[in-house]
Amino acid sequence: MPELPEVETVRRGLNQLTLNQEITGGDVLLERTVAYPFSVHEFIEKIQGSAIISWHRRGKYLLAELSPCSWLGVHLRMTGQLLWQNKHEPLHKHTRVRLFFGQHQELRFVDQRTFGQIWYVPTGVPVETIITGLTKLALDPFSPEFTVEYLANKLQKSRRPIKTALLDQSIVAGLGNIYADEALFKSGILPTTLCTELHNKQIEPLRTAIIQVLSASIAAGGTTFSNFLNVKGVNGNYGGEAWVYNRTGEPCKVCGNLISRIKLGGRSSHFCSQCQK
């Protein structure tokens, strides 16, 4: 699933390529991809004639501010991709929605697993009333308010393993499996450690590590282990820099101990039993 760095990479690419260009039309190839409005005909009718002012990110959500005064929301979920392509390029078989622009360009939403969603939010309607998942999001890790005290307060309320808690979007917005593993390694904390057992001397380096690994991945254009592509169809490069994620049985880059893998809450967790305590 695309996480914060991948979504941020897409946001930056979209801001470079799609702004101030009129949406001249569109085509919905899979109706359930459009979560609102419920009529795909209304979706195309409402969005046609709009122009994208700017793309924003909240957690793993992408939000396009449109003129006049409306919004387009996108969640990539497991396998979603937003690709800026020439309309003459062959359609990927998993293309779900197409938005047409001038100069023979179009924005294609490709989604193999079909869990991704798109919303149109009309003028004067608060975005959160349509895209209700936004109301459950915690602070973004890059927010000035994402302090040690904030994170400690969130974690102290949970008796779950720290790895499981970090995947909760009401604790840290945008963090997912890859970067939770990476942050726990860099902060020296085992994924099985209960949140109630943590103290501030551990939470402070954890907060720092979260920001560091997310920043490093954004700089590398995100991570591609399966199907993530940026808006130009290019893979992310962070995977080759990963400390523990997807490196089961390989030597730790710090101590040489073999990287372990366990299941926590149905998700894989990768760690070094020597570097993490």
Side-chain angles (χ1 to χ4, degrees), residues 1-18 30 32-35 52 55-64 71-85 92 94-97 99 107-119 131 133-134 136-142 163 166-183 210-246 265-270:
M1 174 186 289
E3 300 180 28
L4 187 155
E6 290 75 51
V7 178
E8 177 64 16
T9 297
V10 171
R11 184 194 72 83
R12 295 182 182 188
L14 291 168
N15 274 334
Q16 291 176 349
L17 296 169
T18 69
L30 183 68
R32 70 172 180 268
T33 300
V34 177
I52 299 171
W55 287 90
H56 307 267
R57 179 189 56 77
R58 289 179 61 182
K60 300 177 188 179
Y61 289 85
L62 286 162
L63 299 171
W71 293 85
L72 178 72
V74 181
H75 200 303
L76 303 177
R77 302 295 180 191
M78 294 289 292
T79 57
Q81 301 168 348
L82 283 172
L83 302 177
W84 181 252
Q85 297 182 315
H92 190 287
H94 299 305
T95 302
R96 310 305 181 190
V97 176
L99 298 180
L107 186 62
R108 297 176 179 175
F109 185 70
V110 178
D111 186 15
Q112 180 179 354
R113 298 286 296 275
T114 72
F115 296 137
Q117 291 182 298
I118 296 178
W119 299 260
I131 310 175
L134 294 172
K136 303 173 184 177
L137 290 182
L139 287 177
D140 193 276
F142 294 111
K163 169 62 185 294
L166 289 177
L167 300 182
D168 185 340
Q169 299 300 291
S170 68
I171 292 179
V172 185
L175 200 62
N177 210 38
I178 297 173
Y179 305 108
D181 279 355
E182 295 288 281
I210 289 170
I211 295 171
Q212 286 178 343
V213 298
L214 293 175
S215 298
S217 184
I218 291 170
T223 299
T224 299
F225 282 117
S226 55
N227 56 16
F228 169 71
L229 300 174
N230 68 18
V231 294
K232 294 182 178 179
V234 178
N235 289 341
N237 295 317
Y238 180 79
E241 303 176 17
W243 293 95
V244 291
Y245 185 81
N246 208 36
R267 306 294 298 276
S268 294
S269 292
H270 306 80

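Both backbone and side-chain heavy atoms feed into the values below; hydrogens, waters and symmetry mates do not. Keep in mind that what you see is a predicted model, and the values were worked out from it rather than measured.
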**Prompt:** Any idea how Tyr245 and His270 line up, ring-wise: parallel (<30°), tilted (30 to 60°), or perpendicular (>60°)?
**Reply:** perpendicular
**Message:** Classify the ring geometry of Trp71 against His56: parallel below 30°, tilted from 30° to 60°, perpendicular beyond 60°.
**Reply:**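 Answer is tilted, since the angle falls between 30° and 60°.
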Taking all heavy atoms of [X] and all of [Y], pick out the closest pair and write down the distance.
X      : Y      : result
Phe109 : Gly116 : CZ-CA, 3.9 Å
Ser217 : Glu6   : OG-OE2, 3.8 Å
Pro5   : Thr9   : O-OG1, 2.7 Å
Thr79  : Gln112 : OG1-N, 3.3 Å
Gly176 : Lys60  : CA-NZ, 4.1 Å
Leu137 : Arg58  : CD1-O, 3.6 Å

**Asked** Considering residues at least two apart in sequence or located in another chain, which fulfil the side chain to side chain donor-acceptor pair (under 3.5 Å) criterion with Ser269?
**Response**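 Result, side chain to side chain donor-acceptor pair (under 3.5 Å) vs Ser269: Lys163.
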What I want to check is whether the side chains of [X] and [Y] have a donor and an acceptor closer together than 3.5 Å.
X      : Y      : answer
Thr18  : Trp55  : yes
His94  : Asp111 : no
Thr114 : Arg96  : no

Answer yes or no: is there a side-chain heavy-atom contact under 4.5 Å between [X] and [Y]?
X      : Y      : value
Leu62  : Val7   : yes
Arg108 : Val97  : no
Leu83  : Leu107 : no
Arg113 : Arg77  : no
Leu99  : Leu72  : yes
Leu63  : Val74  : no
Val10  : Pro2   : no

**Request:** Could you walk me through whether Leu214 and Phe142 pass the side chain to side chain contact (heavy atoms under 4.5 Å, CB included) test, one step at a time?
**Result:** CA-CA 9 Å; Leu214 293 175; Phe142 294 111; 3.8 Å; yes
Can you give each donor-acceptor pair under 3.5 Å made by side-chain atoms of residues 166-174, sequence neighbours left out, with the distance rounded to 0.1 Å?
from, atom 1, to, atom 2, distance (Å)
Asp168, OD1, Ser170, N, 2.9
Asp168, OD1, Ser170, OG, 2.7
Asp168, OD2, Arg160, NH1, 3.3
Asp168, OD2, Arg160, NH2, 3.0
Asp168, OD2, Ser170, OG, 3.3
Gln169, OE1, Gly174, N, 2.7
Gln169, NE2, Leu167, O, 3.3
Gln169, NE2, Leu175, O, 2.9

In Å, rounded to the nearest 0.5 Å, how long is the span from [atom1] of [X] to [atom2] of [Y]?
X      : Y      : atom1 : atom2 : answer
Leu17  : Arg12  : CG    : CZ    : 14.0 Å
Arg267 : Asp181 : CZ    : CG    : 9.5 Å
Phe115 : His75  : CZ    : NE2   : 12.5 Å

**Message:** One pair to check against side chain to side chain contact (heavy atoms under 4.5 Å, CB included): Arg57 and Asp140. What are the steps and the verdict?
**Reply:** CA-CA 10 Å; Arg57 179 189 56 77; Asp140 193 276; 2.6 Å; yes
**Item:** Check: Glu3 side chain, Asn177 main-chain N or O, donor-acceptor pair, under 3.5 Å
**Value:** yes
**Message:** Tell me every residue that passes side chain to side chain contact (heavy atoms under 4.5 Å, CB included) with Ala183, counting only those two or more places apart in sequence or in another chain.
**Reply:**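 Partners of Ala183 under the side chain to side chain contact (heavy atoms under 4.5 Å, CB included) test: Leu206, Ala209, Ile210, Val213.
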**Message:** Please determine whether side chain to side chain contact (heavy atoms under 4.5 Å, CB included) holds for the pair Ile131 and Tyr61, giving the CA-CA distance in whole Å, both sets of side-chain angles, and the decisive distance to 0.1 Å.
**Reply:** CA-CA 9 Å; Ile131 310 175; Tyr61 289 85; 3.5 Å; yes
